[in-house]
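Below, each value reflects all heavy atoms present in this structure, side chains not excepted, and no hydrogens, waters or symmetry copies.
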Amino acid sequence: MTGGFVGEGQDTAPTTALSAVVARVAALADRLDVPHTEVFGIGRLSAASGVPEPVVKALLSGRSAGEPEVQTRFVQRLDLLRRTRLKPNGRKYTQQEIADGAGMSRQQAGALINGDRRPTMEHCDAIQRFFRVHAGFLTAEDPEALANALRHTEQELLQSLADRERRAAAAADDPLEQLLQDHGVRGIAWRAAQLPTDQHRDKVAEWLDMLLESVQRPKA
């Protein structure tokens with residue numbers, strides 16, 4: 001495998017970009033009543049971004065944590081991948097398995113894992129594909145990597161907000177939908193399906209029929 005070495009001199013993600021996405025995520029979490037400890041969980045963000053936990057904590061607090069030399073960063077991120085992206089049996093991938101999956105020799109893989117060899121962009125791309133992480137996972141500087149992880153959280157929160165507002169709009173126009181939301185009818189029906197006998201389930205079904213028949217949908 002050949003190609004240029006990963007080097008310094010790459011564009012640094014502005015600190016303002018990370019601050020902006022942190023602010024957006026915090027605002028969405030407040031709007032959805034999601035605890036900040038959930039969306040800004042240090043361990044979760046570290047696993048998602050590859051950034052060491054103490055650095056995640058510092059960056060979220062607005063402090064500079066320094067930036068490791070690119071090879072050190074690569075070794076840190078690769079070590080995290082091996083600890084968090086495990087095989088179906090819960091074990092780490094071996095050097096040979098990584099080498100086979102990334103199309104390199106075991107000696108190359110071992111040298112990269114141990115920090116004895118400077119990675120090329122081709123090495124990074126191949127290992128990222130093997131572990132199924134996004135491009136740049138092994139090379140992005142810490143603020144950029146953390147911002148990228150938080151953008152995924154932001155998208156999830158935006159989807160949750162859209163779903164909530166869509167449900168609210170439906171409920172406002174449809175008394176049956178309002179009933180389903182207010183009384184948790186769908187949850188009751190699901191739990192009824194877990195009851196041990198047909199007799200129990202029939203009683204719940206009879207009650208639900210009576211309840212739902214009492215509400216009329218508006219005519220179009």
Say you draw a straight line from [atom1] of [X] to [atom2] of [Y]; how long is it, rounded to the nearest 0.5 Å?
{"X": "Ser105", "Y": "Gln96", "atom1": "OG", "atom2": "CD", "result": "8.5 Å"}
{"X": "Asp33", "Y": "Arg164", "atom1": "CG", "atom2": "CZ", "result": "7.0 Å"}
{"X": "Phe74", "Y": "Leu112", "atom1": "CZ", "atom2": "CG", "result": "4.5 Å"}
{"X": "Ile42", "Y": "Leu60", "atom1": "CD1", "atom2": "CG", "result": "5.0 Å"}
{"X": "Leu59", "Y": "Ser64", "atom1": "CG", "atom2": "OG", "result": "7.5 Å"}
{"X": "Ile113", "Y": "Arg82", "atom1": "CD1", "atom2": "CZ", "result": "4.5 Å"}

Inset, instruction - May I have the step-by-step check of ring-ring contact (aromatic ring centres under 6.0 Å, His included) for Tyr93 and Phe130, ending in yes or no? - result: CA-CA 11 Å; Tyr93 286 98; Phe130 174 75; 5.0 Å; yes
Legend entry - Shared hydrophobic cluster, Leu86 / Leu138 (ILVMFWY, side-chain heavy atoms < 4.5 Å):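 Shared cluster, no.
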Legend entry - Cluster overlap Val39 with Leu158, hydrophobic side-chain contacts below 4.5 Å: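 The answer is yes; both residues are in one hydrophobic cluster.
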Where do [X] and [Y] come nearest, in terms of heavy atoms and distance?
{"X": "Ala149", "Y": "Ala48", "result": "CB-CB, 4.0 Å"}
{"X": "Ala17", "Y": "Arg151", "result": "CB-NH2, 4.4 Å"}
{"X": "Gln95", "Y": "Ala109", "result": "O-CB, 3.8 Å"}
{"X": "Ala29", "Y": "Leu157", "result": "N-CD1, 4.1 Å"}
{"X": "Thr84", "Y": "Ala47", "result": "CG2-CB, 4.4 Å"}

Does [X] reach the main-chain N or O of [Y] with its side chain, forming a donor-acceptor pair under 3.5 Å?
{"X": "Gln71", "Y": "Arg117", "value": "yes"}
{"X": "Ser61", "Y": "Arg63", "value": "no"}
{"X": "Arg31", "Y": "Leu161", "value": "no"}
{"X": "Glu97", "Y": "Thr94", "value": "yes"}
{"X": "Asn114", "Y": "Asp116", "value": "no"}

Inset, instruction - State, with a plain yes or no, whether a side-chain heavy atom of Leu150 is found less than 4.5 Å away from one of Phe40. - result: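 A side-chain contact exists here, since the closest heavy-atom pair is under 4.5 Å.
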Inset, instruction - Would you indicate whether the side-chain heavy atoms of His123 and Met104 approach each other to under 4.5 Å? - result: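 SC-SC contact between Met104 and His123 confirmed.
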Legend entry - More than 12 heavy atoms from other groups under 6.0 Å of CZ on Arg106: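 It does not: Arg106 CZ has 12 such atoms or fewer within range.
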Is it true that [X] and [Y] make a salt bridge, defined as a side-chain N closer than 4.0 Å to a carboxylate O?
{"X": "Arg118", "Y": "Glu69", "value": "yes"}
{"X": "Arg77", "Y": "Asp142", "value": "yes"}
{"X": "Arg44", "Y": "Glu38", "value": "no"}

Inset, instruction - Walk me through it: do Leu78 and Phe131 pass the test side-chain contact (heavy atoms from CB on, under 4.5 Å)? - result: CA-CA 10 Å; Leu78 181 51; Phe131 281 105; 4.0 Å; yes
Inset, instruction - Go through the steps to decide whether Leu80 and Ser46 satisfy the test side-chain contact (heavy atoms from CB on, under 4.5 Å), and finish with yes or no. - result: CA-CA 9 Å; Leu80 182 141; Ser46 176; 3.7 Å; yes
Legend entry - Phe137 and Leu81: CA distance, side-chain angles, deciding distance, side-chain contact (heavy atoms from CB on, under 4.5 Å) verdict: CA-CA 10 Å; Phe137 184 96; Leu81 285 178; 3.6 Å; yes
Inset, instruction - Test side-chain contact (heavy atoms from CB on, under 4.5 Å) on Arg83 and Lys92 and set out the steps. - result: CA-CA 7 Å; Arg83 287 186 288 106; Lys92 288 183 179 180; 4.0 Å; yes
